[in-house]
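Read through the structure below, which is laid out as structure tokens, and then see the notes.
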Amino acid sequence: MILILEALQKRLLENHPAGVPINEELGRRYAGYRGEQILDYYTKYLPLQKHHFIFHDLRLPISSEAFFQIDTLILTPYYLLVFEGNHMAGKLFFEPKQLIRELNNMEESFPDPIVQVKNQQYFLKLLLKKYSFPFLPSDAFVVITNPKSIILLNPDYKEVLEKVIRPQALRFNFELLEKKYVNSILSHNELEKISEVLLQLHTPDEPDVLAQYGLNKSEIIPGIYCEKCGQFSVNRIKRFWRCHICNKKAEKAFIQALIDYRLLISTTITNREFRQFFGVDSIHVASKMLNSLNLPTRGERRHRKYELSLVYLLSLL
């Protein structure tokens with residue numbers, strides 16, 4: 001989602017009405033991603049046993065149209081452990097139905113993350129039951145990853161003391177669970193099977209961001225962006241991609257532009273669409289460039305479409 005928003009931010013006209021909400025959403029996403037990195041760092045150094053699996057950002061189905069997402073899941077033969085990261089700044093006051101955040105003398109209300117993490121536990125148990133796996137006990141914690149936030153204790157909401165922790169407390173709480181759950185329930189093969197099922201069911205979220213912000217594809221600026229000049233000033237000059245302003249060679253910028261196309265326009269591209277977006281006149285040159293990337297294709301001749309794998313394109317940078 002960060003990659004999508006960055007591409008969108010770059011390819012809209014300056015002072016576009018959608019620019020402000022896009023920048024705000026990007027800021028929230030950056031903060032969330034930073035929180036995930038902190039959570040991942042501390043999870044990595046937990047004293048786990050030999051047979052275990054750690055999953056990050058699992059998005060699993062509740063039904064054909066609904067999903068639930070888990071920031072971090074630890075799967076062991078003894079139990080399941082769910083972590084929900086929260087990177088909010090400010091003063092945080094937990095209530096049974098909401099989280100109140102005070103920041104810059106303003107109060108905001110958010111869904112209670114303790115309830116959220118309990119729902120994740122519940123849906124995960126239902127999912128494993130659906131696939132006839134043995135029942136596993138589970139536990140869950142909300143991990144406040146922003147070191148500058150202040151957790152205000154609520155004596156009327158005792159679960160805050162039990163469920164809301166800092167990253168530094170992960171190891172201590174994990175060791176308590178290791179002593180609590182001592183009976184092995186899953187064999188190594190069952191552990192492997194659950195892992196395979198979870199990975200098969202994982203469905204990354206790729207929302208229609210253009211529709212979300214009321215944008216049309218025609219509003220997306222085509223072309224190749226020069227990071228040095230801050231302009232869409234890279235052209236095909238004498239068999240190379242170069243910025244016509246600073247004359248810098250920019251082969252990777254071509255790949256980045258194709259990634260932007262994949263994120264904002266379509267998961268496939270035709271020769272005609274390539275020429276329109278990249279400003280290439282020659283059908284032959286466009287075919288040569290697309291074929292040089294070894295992209296999977298479907299269809300023949302003018303109906304040929306090149307499939308744009310985001311993972312593969314990112315590996316070319």
Side-chain angles (χ1 to χ4, degrees), residues 1-37 87 89 104 204-282 285-290 292-293 295 306-317:
M1 189 62 184
I2 287 176
L3 294 176
I4 293 173
L5 291 170
E6 286 178 337
L8 192 55
Q9 184 186 55
K10 179 173 59 182
R11 291 185 177 272
L12 287 179
L13 291 173
E14 191 175 353
N15 298 322
H16 191 288
V20 172
I22 289 170
N23 290 341
E24 291 175 349
E25 177 64 17
L26 191 53
R28 287 190 290 269
R29 294 281 179 170
Y30 280 140
Y33 180 59
R34 175 57 181 154
E36 290 178 16
Q37 288 180 308
H87 200 66
N104 299 326
D205 186 21
E206 285 201 37
D208 186 345
V209 177
L210 297 189
Q212 181 179 329
Y213 290 101
L215 300 170
N216 295 316
K217 291 180 181 179
S218 60
E219 296 179 85
I220 302 302
I221 299 173
I224 304 180
Y225 188 78
C226 176
E227 294 289 346
K228 183 177 179 180
C229 299
Q231 303 290 330
F232 289 92
S233 50
V234 177
N235 301 112
R236 184 79 173 168
I237 302 173
K238 294 182 180 180
R239 298 172 56 191
F240 296 103
W241 294 102
R242 289 186 183 276
C243 174
H244 69 254
I245 297 176
C246 66
N247 202 38
K248 182 181 178 181
K249 192 175 177 181
E251 295 301 317
K252 296 292 185 180
F254 153 63
I255 302 296
Q256 183 59 61
L258 198 56
I259 291 171
D260 291 350
Y261 184 94
R262 159 64 179 79
L263 292 168
L264 300 177
I265 307 297
S266 175
T267 58
T268 63
I269 192 169
T270 64
N271 185 293
R272 181 182 179 183
E273 290 166 341
F274 180 89
R275 285 181 281 126
Q276 289 175 338
F277 193 79
F278 287 85
V280 175
D281 296 326
S282 168
V285 170
S287 293
K288 188 175 180 180
M289 295 208 65
L290 285 166
S292 71
L293 298 175
L295 299 169
Y306 297 82
E307 298 181 10
L308 304 177
S309 163
L310 182 59
V311 173
Y312 175 69
L313 291 174
L314 288 170
S315 74
L316 299 178
L317 289 178

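All values below were derived from every heavy atom in this structure, side-chain atoms included, with hydrogens, water molecules and symmetry-related copies excluded. Remember, it's a predicted structure, so these values are computed and weren't measured experimentally.
- For Tyr312, the side-chain contact (heavy atoms from CB on, under 4.5 Å) partners at least two apart in sequence or on another chain are Asn294, Leu295, Ser309, Ser315, Leu316.
- Leu215 approaches Ala18 most closely through the heavy-atom pair CD2-CB, 4.1 Å.
- The side-chain contact (heavy atoms from CB on, under 4.5 Å) test applied to Glu206 returns Arg262, not counting sequence neighbours.
- Smallest separation of non-hydrogen atoms from Leu264 and Leu8: CD1-N, 3.9 Å.
- Between atom OH of residue Tyr33 and atom CZ of residue Arg29 there is a gap of 13.5 Å, rounded to the nearest 0.5 Å.
- Annotation: side chain to side chain donor-acceptor pair (under 3.5 Å) contacts of Arg28 (sequence neighbours excluded): Glu25.
- The two residues Leu293 and Ile255 come nearest to each other via the heavy atoms CD2-CD1, 3.7 Å.
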Please step through side chain to side chain contact (heavy atoms under 4.5 Å, CB included) for the pair Phe274 and Leu290, ending with a clear verdict. CA-CA 8 Å; Phe274 180 89; Leu290 285 166; 3.7 Å; yes
Name the atoms and distances for all side-chain donor-acceptor pairs under 3.5 Å in residues 220-227, with sequence neighbours left out.
none

Cut-off 3.5 Å, no hydrogens considered: what does the side-chain donor-acceptor table look like for residues 243-251, sequence neighbours left out?
| from | atom 1 | to | atom 2 | distance (Å) |
| --- | --- | --- | --- | --- |
| His244 | ND1 | Ser233 | O | 3.0 |
| His244 | ND1 | Asn235 | OD1 | 2.8 |
| Glu251 | OE2 | Trp241 | N | 3.0 |

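- Residue Gln256 comes nearest to Leu317 through the heavy atom pair OE1-CD1, 3.6 Å, listed as atom of the first residue, atom of the second, then distance.
- A search for ring pair (Phe, Tyr, Trp, His ring centres under 6.0 Å) contacts involving Phe277 returns Tyr261, not counting sequence neighbours.
- Among pairs with a residue in residues 268-281, none fulfils salt bridge (Lys or Arg N to Asp or Glu O under 4.0 Å), at least two apart in sequence or across chains.
- For Ser287, the side chain to side chain donor-acceptor pair (under 3.5 Å) partners are Asn271, not counting sequence neighbours.
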What's the verdict on side chain to side chain contact (heavy atoms under 4.5 Å, CB included) for Ile22 and Tyr213, showing C-alpha distance, side-chain angles and the deciding distance? CA-CA 8 Å; Ile22 289 170; Tyr213 290 101; 3.8 Å; yes
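- You'll find the side chain of Arg236 stays beyond 4.5 Å of the side chain of Phe254, heavy atoms only.
- Between Gln9 and Leu5 there is no side-chain heavy-atom pair separated by less than 4.5 Å.
- In this view, Lys288 satisfies the side chain to side chain donor-acceptor pair (under 3.5 Å) rule with no residue, not counting sequence neighbours.
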Please step through side chain to side chain contact (heavy atoms under 4.5 Å, CB included) for the pair Asp260 and Lys10, ending with a clear verdict. CA-CA 9 Å; Asp260 291 350; Lys10 179 173 59 182; 3.0 Å; yes
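- For Glu219, the side chain to side chain donor-acceptor pair (under 3.5 Å) partners two or more places apart in sequence, or in a different chain, are His16.
- The side-chain contact (heavy atoms from CB on, under 4.5 Å) check on Asp208 picks up Leu210, Ala211, with sequence neighbours excluded.
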Check the pair Arg11 / Phe232 against side chain to side chain contact (heavy atoms under 4.5 Å, CB included), numbers first and verdict last. CA-CA 9 Å; Arg11 291 185 177 272; Phe232 289 92; 3.2 Å; yes
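- For the side-chain contact (heavy atoms from CB on, under 4.5 Å) test, residues two or more places apart in sequence or in another chain that qualify with Glu6 are Ile2, Leu3, Leu26, Tyr30.
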